[in-house]
Engineer: 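One structure is given below, represented as structure tokens, and several questions about it will come after.
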Amino acid sequence: MRKWLQALVDEYLPAVGELQDTPEDQAQSLQWATWMRQQWAVHGMAELKQQRNLMTDVRGAVKAQLGENHLALESMNFTVAEWTMINTPIADQVARRNENVVLLDNAEAIVAQAVRLLEQREWAEVAAGLVVLTGRRSSEILGTANFQSKSQWSVTFTGALKRRGESQMLSFEIPTLTTAERVITALAKLRLMCPTEGLSANRLIRSMLRRWQQCAIASSLT
């Protein structure tokens, strides 16, 4: 959390901490919520899109220190109309991205190549194969991903890199383009062979991408 926002939260939480579900306290809670958002504007964060993460941080602090059902959460929130305005650009962006999906003519060959990479001795090749077969970020495959078998063709994935404002570790089922057993075995192999100590994630990713490009070029020439 930003230092200036933490200072505001340190003032806000004691002020609303003892409020009860009465008309008088509800009004007081709303006044403090209004005060908080006015302070955001003072710090140059007057637009709704700028305030999204601030709201998430403050609400997270309320839940952590005052409880999930505290009165302050009712007023320290955007209205439905405000949330709609915030999320509409995101929805439009997703829609545009979905309209520009590129269909691969040689998808089966790409998957077959990725499966072969899992058997290689170079860690970058194994990692590249897992990225293709699971759809996870390279930084997750290299450092944070954990897979558990869910079905023959899916795994339960934990270790998603958190977006700003998220505090909870996410866990969800993802499909795999090869058997779950093969993916889990390959990730365990990668953990043993990947020399991550002393290397930045960016350096590891660049090395992995170079190896994947080399493999793709070699495959196209055969």
Engineer: Quick one: do Val62 and Arg59 satisfy side chain to side chain contact (heavy atoms under 4.5 Å, CB included)? Show the steps, please.
Structural biologist: CA-CA 5 Å; Val62 172; Arg59 285 178 57 83; 5.5 Å; no
Engineer: What closest approach, in Å, do Leu73 and Gly67 show between heavy atoms, and which atom pair accounts for it?
Structural biologist: CD1-O, 3.9 Å
Engineer: Tell me, do Trp4 and Gln39 make a side-chain contact under 4.5 Å, heavy atoms counted?
Structural biologist: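 Result no, sub-4.5 Å side-chain heavy-atom pair not found.
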Engineer: Once you round to the nearest 0.5 Å, how far does CH2 of Trp123 lie from CE of Met193?
Structural biologist: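 That separation rounds to 9.5 Å.
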Engineer: What closest approach, in Å, do Ser29 and Ala72 show between heavy atoms, and which atom pair accounts for it?
Structural biologist: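 Shortest heavy-atom contact: OG-CA, 3.5 Å.
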Engineer: Would you check if Phe78 and Gln51 make a side-chain contact, meaning some heavy-atom pair closer than 4.5 Å?
Structural biologist: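 Answer yes - side chains close enough.
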Engineer: Rounded at 0.5 Å granularity, tell me how far CG in Leu130 sits from OG in Ser138.
Structural biologist: 11.5 Å
Engineer: Give the intermediate values and the outcome of side chain to side chain donor-acceptor pair (under 3.5 Å) for residues Glu173 and Thr156.
Structural biologist: CA-CA 4 Å; Glu173 182 180 5; Thr156 299; over 6 Å; no
Engineer: Are Leu19 and Leu30 connected in a single hydrophobic cluster, I mean Ile/Leu/Val/Met/Phe/Trp/Tyr linked by side-chain heavy atoms less than 4.5 Å apart?
Structural biologist: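 In one cluster: no.
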Engineer: Anything under 30° is parallel, anything over 60° is perpendicular, the rest tilted; go ahead and classify Tyr12 against Trp32.
Structural biologist: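 Perpendicular.
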Engineer: Are Leu117 and Val126 side-chain neighbours, meaning at least one heavy-atom pair lies under 4.5 Å?
Structural biologist: no
Engineer: Is there a side-chain contact between Ile184 and Ser149 in this structure, where contact means two heavy atoms from C-beta onward sitting under 4.5 Å apart?
Structural biologist: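 Yes - at least one pair of side-chain heavy atoms lies under 4.5 Å apart.
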Engineer: For Val9 and Pro14, work out which heavy atoms get closest and say how close.
Structural biologist: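 In this case the closest contact between Val9 and Pro14 is O-CD, 4.2 Å.
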Engineer: Say whether, by atom type as modelled, one donor and one acceptor occur between the side chain of His70 and the main chain of Val16 under 3.5 angstrom.
Structural biologist: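 Between the backbone of Val16 and the side chain of His70 there is a qualifying donor-acceptor contact (under 3.5 Å).
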Engineer: Return yes when atom CG of Asp10 has more than 12 non-hydrogen atoms of other residues, nucleotides or ligands closer than 6.0 Å, and no otherwise.
Structural biologist: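 For Asp10, atom CG is crowded (more than 12 foreign heavy atoms under 6.0 Å).
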Engineer: If you count every heavy atom of other residues, nucleotides or ligands that lies below 6.0 Å from Glu181 atom CD, does the total exceed 12?
Structural biologist: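 Open: at most 12 neighbouring heavy atoms sit under 6.0 Å from CD of Glu181.
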Engineer: Rounded to the nearest 0.5 Å, what's the gap from CG on Leu133 to CD on Gln113? Could you check?
Structural biologist: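 Here the rounded value is 10.5 Å.
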Engineer: Within the side chain of Glu125, is there an N or O that forms a donor-acceptor pair under 3.5 Å with the backbone of Leu118?
Structural biologist: no
Engineer: Verify, without hydrogens or angle tests, whether Lys189 (side chain) and Gln120 (backbone) share a donor-acceptor contact under 3.5 angstrom.
Structural biologist: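 Such a contact is found between Lys189 side chain and Gln120 backbone.
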Engineer: Is Lys150 close to Phe172 at the side-chain level, that is, under 4.5 Å between some pair of heavy atoms?
Structural biologist: no
Engineer: Quick check for you: to the nearest 0.5 Å, what is the distance between Glu18 atom CD and Leu66 atom CG?
Structural biologist: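 One gets 8.5 Å once the value is rounded to the nearest 0.5 Å.
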Engineer: Nearest heavy-atom pair of Gln50 and Leu54: which atoms, and what distance?
Structural biologist: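 Looking at all heavy atoms of both residues, the shortest contact is O-CG, 3.8 Å.
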Engineer: Would you say the side chains of Thr176 and Thr134 form a donor-acceptor pair under 3.5 Å?
Structural biologist: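 Result is no, nothing qualifies.
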Engineer: Grouping I, L, V, M, F, W and Y whenever their side-chain heavy atoms are under 4.5 Å apart, do Val80 and Met76 come out in a common cluster?
Structural biologist: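 Unlinked, Val80 and Met76 end up in two clusters.
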Engineer: Please say yes or no: joined through hydrophobic side-chain contacts below 4.5 Å, possibly via intermediate residues, are Trp35 and Met45 part of one cluster?
Structural biologist: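 Yes, Trp35 and Met45 fall within the same hydrophobic cluster.
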Engineer: Heavy-atom distance under 4.5 Å between the side chains of Phe157 and Gln148, does that happen here?
Structural biologist: no
Engineer: If you round to the nearest 0.5 Å, how far is CG of Leu71 from CG of Asp21?
Structural biologist: 5.5 Å
Engineer: Do the side chains of Leu48 and Trp83 get nearer than 4.5 Å, heavy atoms only?
Structural biologist: no
Engineer: In Å and rounded to the nearest 0.5 Å, what is the CE to OG distance from Met36 to Ser75?
Structural biologist: 10.5 Å
Engineer: Does the side chain of Phe147 come within less than 4.5 Å of Thr158's, by heavy atoms?
Structural biologist: no
Engineer: Minimum heavy-atom separation for Met1 to Ala61, with atom names?
Structural biologist: CE-CB, 4.4 Å
Engineer: If you look at every heavy atom in Ala145 and Leu187, which pair is closest and at what distance?
Structural biologist: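 That closest heavy-atom pairing would be O-CD2, 3.6 Å.
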Engineer: So, Arg37 and Glu82, do they make that salt bridge, N to O below 4.0 Å?
Structural biologist: yes
